[in-house]
*Asks:* 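First the structure, then my questions, so here it is.
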Number of protein chains: 2
Amino acid sequence: MQALDMAGHLIRRLHQHSTQVYTARTREAGFDITSVQFAALDAIKANPGIDQAGVAALIAYDRPTIGEVINRLVSKGLVERAINDADRRARVLRLTPLGEETFARLLPIVREAQNAILGNLAPDERTAFMALARSAIPAE
Amino acid sequence: MQALDMAGHLIRRLHQHSTQVYTARTREAGFDITSVQFAALDAIKANPGIDQAGVAALIAYDRPTIGEVINRLVSKGLVERAINDADRRARVLRLTPLGEETFARLLPIVREAQNAILGNLAPDERTAFMALARSAIPAE
DNA sequence: TCAAATTGATAAGTGCACGTATCAATTCAG
DNA sequence: CTGAATTGATACGTGCACTTATCAATTTGA
């Protein structure tokens, strides 16, 4: 068992833990919005009129994945998608009123989940971890 | 854009980066074995005769996922699966000779990839990161 | 001892995550 | 100005990752 203490394995375990905490907290609060969907909502809220490729670039996903994520957000009534008249290839995205309201209610829960994710670390360790993580991630 | 600097998002980006480095290195070397498949091979090599549930527990996956991973390893001829006569529910797993040989050739490449994954960190930062990651992951 | 609980495996379904390919729309270069 | 390259979106395929459900085999406990 050499794999267990490799960086890649630890990072995967962290990601697994992070996802489980996120899902548990948001479900408890009555939401059915995955972390990718939340990130997409956040990007669209901050950049109304952005297109799908823009969202993908902002939150570091590939376009096919984001296309399907947006599909789910549209079918949940949280996002509206329209053809951009200036560039007819692009789909202009905006939060619906329900999307705005849902995001506002979800945000504090997601924030709280972040503390829980690093709940095994002391406050100064959390800061150190976040700084190291930021450095380790390649620029783009 | 509040999500970008949240712990969950940083961890996801790290995981994405880690997977990309692993995949690039192993593909370059001519292998088609994912990181989960490698972890499973490692667990089976270290514990010949282990069953699927044992592998899942060791490397922290759910049983259905590991079942499919083992399927792929069996169809690649790297693992053999037999019914355990002592407990006929269980499938006893072992590396085939090809599995042994493949693992031996793959191991140094995977090890090298671990350094590359944390390539943006200085040596002492890597140690610190690994220690914080270990602490952050829940006990079991 | 035998019904109940547990355990190992698998099936079915959802949702990423990414590579590759394709198509349409736009931009750019000669 | 027009053919080539680029860009936005989508389709398709693979491989996780997990939940829930089901079934069979085993263990257990009254």
Side-chain angles (χ1 to χ4, degrees), chain A residues 8-9 11-24 26-27 31-40 49-76 79 81-93, chain B residues 8-9 11-24 26-27 31-40 49-76 79 81-93:
Chain A
H9 190 79
I11 290 169
R12 184 189 69 78
R13 291 288 308 277
L14 262 179
H15 183 229
Q16 180 186 44
H17 169 60
S18 166
T19 304
Q20 281 167 2
V21 170
Y22 171 93
T23 305
T26 54
R27 270 210 196 148
F31 293 93
D32 178 29
I33 293 177
T34 69
S35 55
V36 196
Q37 290 170 18
F38 174 78
I50 194 173
D51 62 20
Q52 295 184 188
V55 173
L58 264 180
I59 61 181
Y61 281 91
D62 54 304
R63 287 203 305 272
T65 297
I66 289 306
E68 293 183 16
V69 170
I70 303 287
N71 280 346
R72 289 182 200 103
L73 291 174
V74 169
S75 68
K76 282 175 184 171
V79 166
R81 176 166 42 188
I83 290 180
N84 181 357
D85 284 325
D87 182 343
R88 298 177 47 73
R89 293 169 305 185
R91 304 288 180 270
V92 171
L93 304 173
Chain B
H9 190 80
I11 289 170
R12 184 189 69 79
R13 292 288 309 275
L14 263 179
H15 183 230
Q16 179 186 45
H17 169 60
S18 166
T19 304
Q20 280 167 2
V21 169
Y22 171 93
T23 304
T26 54
R27 271 209 196 151
F31 292 94
D32 178 29
I33 293 176
T34 68
S35 55
V36 196
Q37 291 171 18
F38 174 79
I50 194 173
D51 62 18
Q52 296 184 185
V55 173
L58 264 180
I59 60 181
Y61 280 91
D62 54 304
R63 288 202 305 270
T65 296
I66 289 305
E68 292 185 16
V69 169
I70 304 286
N71 279 347
R72 288 182 200 105
L73 292 174
V74 169
S75 67
K76 283 174 185 172
V79 166
R81 174 168 42 187
I83 289 180
N84 181 358
D85 283 326
D87 182 345
R88 298 177 47 71
R89 292 169 304 183
R91 304 289 180 270
V92 170
L93 304 174

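Labels below follow one simple rule: chain letters A, B, ... track the order of the sequence lines, proteins then strands, and each chain is numbered from 1.
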*Asks:* Nearest-Å distance, CG (B/D51) to P (C/dT7)?
*Replies:* 12 Å
*Asks:* Just how far, in rounded Å, is C1' of C/dC16 from CD1 of A/I66?
*Replies:* 10 Å
*Asks:* Over how many whole Å does the gap from B/I50 atom CD1 to C/dA9 atom C1' extend?
*Replies:* 15 Å
*Asks:* Kindly say whether A/D32 contributes a backbone atom to a donor-acceptor pair with the side chain of A/K76 at under 3.5 angstrom?
*Replies:* yes
*Asks:* Is the side chain of B/R88 donor-acceptor paired with the backbone N or O of B/A86 at a distance under 3.5 Å, no angle test?
*Replies:*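 Side chain of B/R88 to backbone of B/A86: no pair is present.
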*Asks:* Is there a side-chain contact between A/I59 and A/I66 (heavy atoms, below 4.5 Å)?
*Replies:*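 A side-chain contact under 4.5 Å exists here.
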*Asks:* Got more than 12 heavy atoms from elsewhere within 6.0 Å of CZ, A/R81?
*Replies:*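 Enclosed.
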*Asks:* How does protein reach along nucleotides 11-22 of chain D, written 5' to 3' as B (base within reach of a heavy atom under 4.0 Å), S (only sugar-phosphate), or - (no contact)?
*Replies:* B---SSBBBB--
*Asks:* What is the distance, rounded to the nearest whole Å, between atom CD1 of A/I83 and atom C1' of C/dA24?
*Replies:*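 Spelled out: CD1 on A/I83 to C1' on C/dA24 is 11 Å.
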*Asks:* So, B/S18 side chain and B/L14 main chain: donor-acceptor pair closer than 3.5 Å or not?
*Replies:*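 No.
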*Asks:* Would you please name every residue forming a ring pair (Phe, Tyr, Trp, His ring centres under 6.0 Å) with B/Y22, sequence neighbours left out?
*Replies:*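 Residues passing ring pair (Phe, Tyr, Trp, His ring centres under 6.0 Å) with B/Y22: none at all.
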*Asks:* Starting from P on C/dA9, measure out to CG on B/N84 and report it in whole angstrom.
*Replies:*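 Distance check: B/N84 CG to C/dA9 P gives 9 Å.
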*Asks:* Any protein N or O atoms within reach of nucleotides 27-29 of chain D? Criterion: under 3.5 Å, listing atom names and distances.
*Replies:*
none

